[in-house]
Amino acid sequence: MRWPAECVHLEHGHHWMATFIPDTLYLRGKPRLRRDPARPEVSVCFDCLAAVLEPELAAGSGQVIAFEPDGESFTQYFFLARQDFDAAGLRAEVAAAIETRLQELQGPCSDCDGPATWIWISRREVSSLDQAERITASPGALFCARHGAAKLCEALGQVAEANLFYVNAPYGDSGAYLWI
Ligand SMILES: [Zn+2]
Ligand SMILES: [Zn+2]
């Protein structure tokens, strides 16, 4: 049996852990590499995840719509590029709503006035990814990549207890961070 690598902090037990599988996308359960070579899977505490993920998100140039996860119940948080919406089984109305938001994404970052490439949609605005009409209508908050990355990591860090079995890194030109 092969055990995945884990950060040193998890050895002492931790209330927050995630399996970071940065470059692999699961489409209906089947792994698809999104970068070659793909980085290996690692189990990490929040600090170790944020140390890798936040700078990578901040350096990204793609457009991202990110949905705040339900901290009580989510078990996966992953990026899905626009071209994979269908293959991943995203409902057509939801995919269409997200694509429209990505196409219309423009304006200043809420934190620094730089050009926004992210929309952050809070749980208050959209509490379930079935809510296509709310995805279309909710204003969300616009961020540049740096502040979008900070917002996403802040939200993950506010979850007191987490055991996420799948978190990935963005790939492709535009897409969505979704939770299950
Ligand atoms: Zn750690
Ligand atoms: Zn900004």
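First listed ligand is number 1; within each ligand, the first listed atom is number 1. These values consider heavy atoms only, across backbone and side chains, with no hydrogens, waters or symmetry-generated copies.
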W118 and Y177 aromatic ring geometry - parallel, tilted or perpendicular at 30°/60° bounds | parallel

Starting from the Zn ion (ligand 1), count all protein N, O or S atoms within a radius below 2.8 Å.
-> 4

What's the spacing between L27 CG and R34 CZ if we round to 0.5 Å?
-> 6.0 Å

Could you pull out all residues at least two apart from A95 that satisfy side-chain contact (heavy atoms from CB on, under 4.5 Å)?
-> F85, L90

Common cluster, I180/L164, ILVMFWY with side-chain heavy-atom separation under 4.5 Å = yes

Got a sec, which residues hit side-chain contact (heavy atoms from CB on, under 4.5 Å) with S73, two or more places apart in sequence or on another chain?
-> D70, W179

CG of L49 to OH of Y77: how many Å apart, nearest 0.5 Å?
-> 11.5 Å

Interatomic spacing from CD in E93 to CD in E133 - rounded to 0.5 Å | 9.5 Å

Would a distance-only check, ignoring hydrogens and angles, find a side-chain to backbone donor-acceptor pair under 3.5 Å from N168 to F78?
-> no

Ignoring water, what protein N, O or S atoms are under 2.8 Å from the Zn ion (ligand 2)?
-> C109 SG, C112 SG, C144 SG, H147 ND1

State which residue, out of D23, T24, L80, L33, fulfils the side chain to side chain contact (heavy atoms under 4.5 Å, CB included) condition with Y171.
-> L80

